[in-house]
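Below you'll find the structure, written out as C-alpha cells, and then a few comments.
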Amino acid sequence: MLDLRYLRENADEYRQALKRRGMDDQNPLLDELLTLDAEWRHTTVERDRLREEQNAASKRIGALKRERKNADALIAEMQSVARRVHELDKRLSVQRARLDEIQMTLPNPPHADVPDGADENDNVVVKEWGEPKPLDFEPLPHWTLGERLDILDLPRAAKIAGSGFAVLKGDGARLTRSLLRFMLDQHTQRGYTEIWAPALANRASMSGTGQLPKFEEDMYRAAGHAHDLFLIPTAEVPLTNMHADEILDAESLPIRYCGYTPCFRREAGAAGRDTRGILRVHQFDKVELVKIVPADASYDEHESLLADAEHIVQLLEIPYRVVLMCAGDLDFKGAKQYDIEIWSAGEGRWLEVSSVSNFEAFQSRRAGIRYRPAPRAKPEYAHTLNGSGVAVPRLLISLLENNQQADGSVAIPPALAPYFGAERIG
RNA sequence: GGAGAGAUGCUGGAGCGGCUGAACAGGGCAGCCUGCUAAGCUGUUGUGGGGCUUACGCCUCACCGAGGGUUCGAAUCCCUCUCUCUCCGCCA
C-alpha cells in the first residue's frame, strides 16, 4: 500500500512508475482514487465542523440539565444536526472503503536501481557462481531418479491428495529433513532468530503482506471457520505479521527472522510443461528469511539478505545465478527484487529457488509495522524484506539431477552429509 | 462443543449515559532540591485523520478489543464478532 499523501502530491511521478511496470499510466483507478480522496477530505471538513457544534451543544445541554433547566429547544435543534452527521458518516465510510480498496491494488513503484523492461527476457543476470558440471552420460530427470531410488512417489501422492502433490520416502524424506535443519542452522549462525509459526493465517495477515486482496485465488482457504483462514503460501506471512500493529523501539531493529513452514499454493492455471515432477507442487517446504529494518538501512539489508540466501546454495555447491528483476517483471508489492536461480542438469535449465525482495514500506503500511527512530520521535513505517532461504523441492531437483552418478546413485554435498548421515543415496 | 467472567493509556487499575482523552498508582522524560547513592517536590507524557500557517506552530475531529445500533450526547446501554481467563465435555 502506498501513502495516500504521496499519491496526492506526486501523482505524475507515480504515473511514470506505472508506465515502467508496463501498466497504463492513465490508470482510471488512480484517477478515481485522487478524485475520491479530494471528496473525502471535503466531506470530512464538514462532518468535523458539525461534530464540533454537536460537542459544544452537548456540553450546554449537560449543564442545563444539572441546573434543572429546560433543554428541549436545544435538543430539538440538535436532532437535525445529528441526522446530518449520521448521513455524512455513512457517506464517508463508503468513500473510505472504496479508497482502501483501490489503494490496496496499486503496485509499489520500482526502485531507481530496477532496470527497465517488459518481461522476464529483460531481467538482468547480475552474478553467476559455479559451473554446471558436464556429465559423461545422459542425465535423468529427477522424477525418474526419484522413482528408481525409491525416494519419490508421485502416483501415490496423487491418490492421497491429487495431482501436484508429492510423497517422499526413505532417503527422500530424510534429505528434506536434513536440508531444513541445515538451512536453519546456517541462518541462525548468521544472526537470524528461528521462528516456528502458524501455517494458517487470517485475512488481516494476508492483507498485511499483500497476498490479499489481489491474489485470493492463488491460496487455499480453510472452511468451517467463522472467520476466514488461509493456508499460507509462504512463511513471509506469519514472520512479517509478527509485528503488525506494533510500534517498535529503534534498538530492537533490525529484526531478522528465519523460519521453516510448509507452503501451500493453488497454482491454478499452471498446468503444462512445469507440472512434471516436483517443480511446481501445491505443498512444499521452505525456509524463509524476513527482515524488519529502519528505512535508511533497507537497501544494505537487501544485499546482505541476498548473500545469506546465496550462502546456502554455495555450501551445497550448486551452480547458480542471480537475476535482477526488471520493472515489468517485478512483483506488484516489491520495489526491488533478485531471484536466485540454480542449475538443474536433468532439466537443462535454471530454476528459481529464492526471490529476495525489498518492499520498503509497502507491507508495513498495510500491516502497521512502525518504529520510533529516537526515544521521543514520531513513529515511522519500517521497511520489510524477505527472501527464501531457500525452497526445498527445487533444491532436491538440483541436488538429484546435478549429482547423479553413472551407476545411478546420487552424491550428497559434503556440507550436507553430516545432516543427512551419509555421503550418497543409492 | 457447552456455561460463566473479562478486554480501558507505557504498566496496574478506577469509571458504568453529560462535569472523562479518561481518577489514582507505577514507569518514562524535564526541572527544582539534596555535597555522592537513595529519597523528596513540581511539571510533562499516546495514536491517527483533516484544516490553517513561510515557519516554531495553531485549530479541530476520531480513537477506552473490532464493527454496527440507541441517544441531543456513549468508555458507560443494546446487538454481532474477535481474543483472554475459569469450569465442564471431547480429543492427538
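Excluded from the calculations below are hydrogen atoms, water molecules and symmetry mates; all remaining heavy atoms, backbone and side chain alike, are included. Just so it is clear: chains get the letters A, B, ... in the order the sequence lines come, proteins before strands, and each one is counted from 1.
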Please tabulate, one pair per line, all N/O donor-acceptor pairs under 3.5 Å involving side-chain atoms of residues 415-425 of chain A, not counting sequence neighbours.
{"residue": "A/Tyr419", "atom": "OH", "partner": "A/Asp185", "partner atom": "OD2", "Å": "2.7"}
{"residue": "A/Arg424", "atom": "NH2", "partner": "A/Ser409", "partner atom": "OG", "Å": "2.7"}

### Task
Report the stems of RNA chain B as range-with-range entries sorted by first number; a stem here is at least three consecutive pairs, Watson-Crick or G-U wobble, both distances under 3.5 Å, and write none if there are none.
B:1-7 with B:82-88, B:10-12 with B:24-26, B:27-32 with B:40-45, B:46-52 with B:57-63, B:65-69 with B:77-81
Between the protein and nucleotides 66-69 of chain B, list every N/O to N/O distance that falls short of 3.5 Å.
{"residue": "B/G69", "atom": "OP1", "partner": "A/Lys90", "partner atom": "NZ", "Å": "3.4"}

### Task
Quote, to the nearest angstrom, the C1' distance that separates B/A74 from B/G18.
10 Å
### Query
For atom C1', what is the distance between B/C64 and B/C77, given to the nearest Å?
16 Å
### Task
Sugar-phosphate means primed atoms, P, OP1 and OP2; the rest is base. With that split, encode nucleotides 46-52 of chain B 5' to 3' as B, S or - using protein heavy atoms under 4.0 Å.
-SSBSS-
### Query
What is the distance, rounded to the nearest whole Å, between atom CZ of A/Arg66 and atom P of B/C19?
7 Å
### Query
Roughly how far apart, to the nearest Å, are B/C78 and B/A23 at atom C1'?
27 Å
### Query
Within this structure, what is the CG-to-P distance between A/Leu248 and B/C10, rounded to whole angstrom?
14 Å
### Message
For A/Phe230, give me all partners under ring pair (Phe, Tyr, Trp, His ring centres under 6.0 Å), at least two apart in sequence or on another chain.
### Response
none
#### Entry: Gap in Å between the two P atoms, one belonging to B/C41 and one to B/G49, rounded
39 Å
### Task
Go through the steps to decide whether A/Glu236 and A/Lys333 satisfy the test salt bridge (charged side-chain N to carboxylate O under 4.0 Å, His left out), and finish with yes or no.
CA-CA 13 Å; A/Glu236 162 194 350; A/Lys333 57 194 173 156; 2.6 Å; yes
### Summary
A/Glu46 CD to B/U60 P, in whole Å, measures 19 Å
### Query
Partners of A/Phe362 by ring pair (Phe, Tyr, Trp, His ring centres under 6.0 Å), sequence neighbours excluded?
A/Phe332
### Query
B/G18 P sits how many Å from A/Asn70 CG, rounded?
20 Å
### Ion pair A/Asp31/A/Arg15, N-O distance below 4.0 Å
yes
### Task
Quote, to the nearest angstrom, the P distance that separates B/A3 from B/U80.
13 Å
### Task
Can you tell me the distance, in whole Å, between the CE atom of A/Met78 and the C1' atom of B/C72?
7 Å
### Task
Pick base, sugar-phosphate or nothing for A/Asn55, based on heavy-atom distances below 4.0 Å to the nucleic acid.
sugar-phosphate
### Query
For residues 301-312 of chain A, which residue pairs qualify under salt bridge (charged side-chain N to carboxylate O under 4.0 Å, His left out), counting only residues two or more places apart or in two chains?
A/Lys127-A/Glu310, A/Arg190-A/Asp308, A/Arg256-A/Glu301, A/Lys291-A/Glu301, A/Glu303-A/Lys336
### Task
Tell me which of A/Arg49 and A/Ala63 sits closer to the 5' end of RNA chain B, going by the nucleotide each one is nearest to.
A/Ala63
Can you pull every protein N or O that's under 3.5 Å from an N or O on nucleotides 73-78 of chain B?
{"residue": "B/G73", "atom": "OP1", "partner": "A/Gln54", "partner atom": "NE2", "Å": "3.4"}
{"residue": "B/G73", "atom": "O4'", "partner": "A/Ser58", "partner atom": "OG", "Å": "3.2"}

#### Entry: Listed partners of A/His243 passing ring pair (Phe, Tyr, Trp, His ring centres under 6.0 Å), at least two apart
A/Tyr257
### Query
Are A/Glu101 and A/Arg98 close enough for a salt bridge, meaning some N to O gap below 4.0 Å?
yes
### Summary
Which of A/Arg265, A/Arg266, A/His282 passes side chain to side chain donor-acceptor pair (under 3.5 Å) with A/Tyr220? It is A/His282
### Query
Just by distance, do the side chain of A/Thr43 and the backbone of A/Leu92 share a donor-acceptor pair under 3.5 Å?
no
### Task
Could you state the atom-to-atom distance from CG of A/Asp228 to P of B/C81 in whole Å?
15 Å
### Task
Determine the Euclidean distance between corresponding C1' atoms of B/G9 and B/C24; express it in Å to zero decimal places.
14 Å
### Message
Can you confirm whether or not the ring centre of A/Tyr338 sits under 6.0 Å from the ring centre of A/His302?
### Response
yes
### Query
For A/Gln283, which residues count as a side chain to side chain contact (heavy atoms under 4.5 Å, CB included) partner, sequence neighbours excluded?
A/Phe165, A/Pro262, A/Phe264
Which atom pairs, one a donor and one an acceptor, fall under 3.5 Å between side chains of residues 55-64 of chain A and the rest of the protein, sequence neighbours left out?
{"residue": "A/Asn55", "atom": "ND2", "partner": "A/Arg51", "partner atom": "O", "Å": "3.4"}
{"residue": "A/Ser58", "atom": "OG", "partner": "A/Gln54", "partner atom": "O", "Å": "3.1"}

### Message
Please report the interatomic distance CG(A/Asn27) to CG(A/Leu33), rounded to the nearest 0.5 Å.
### Response
9.5 Å
### Query
What distance, rounded to whole Å, do you find between the two C1' atoms, one in B/A62 and one in B/G67?
15 Å
### Message
Can you check the distance between B/U44 and B/U71, where both ends of the measurement are the C1' atom (answer in whole Å)?
### Response
37 Å
### Task
Taking salt bridge (Lys or Arg N to Asp or Glu O under 4.0 Å) as the test, write out the residues that go with A/Asp150, two or more places apart.
A/Lys169
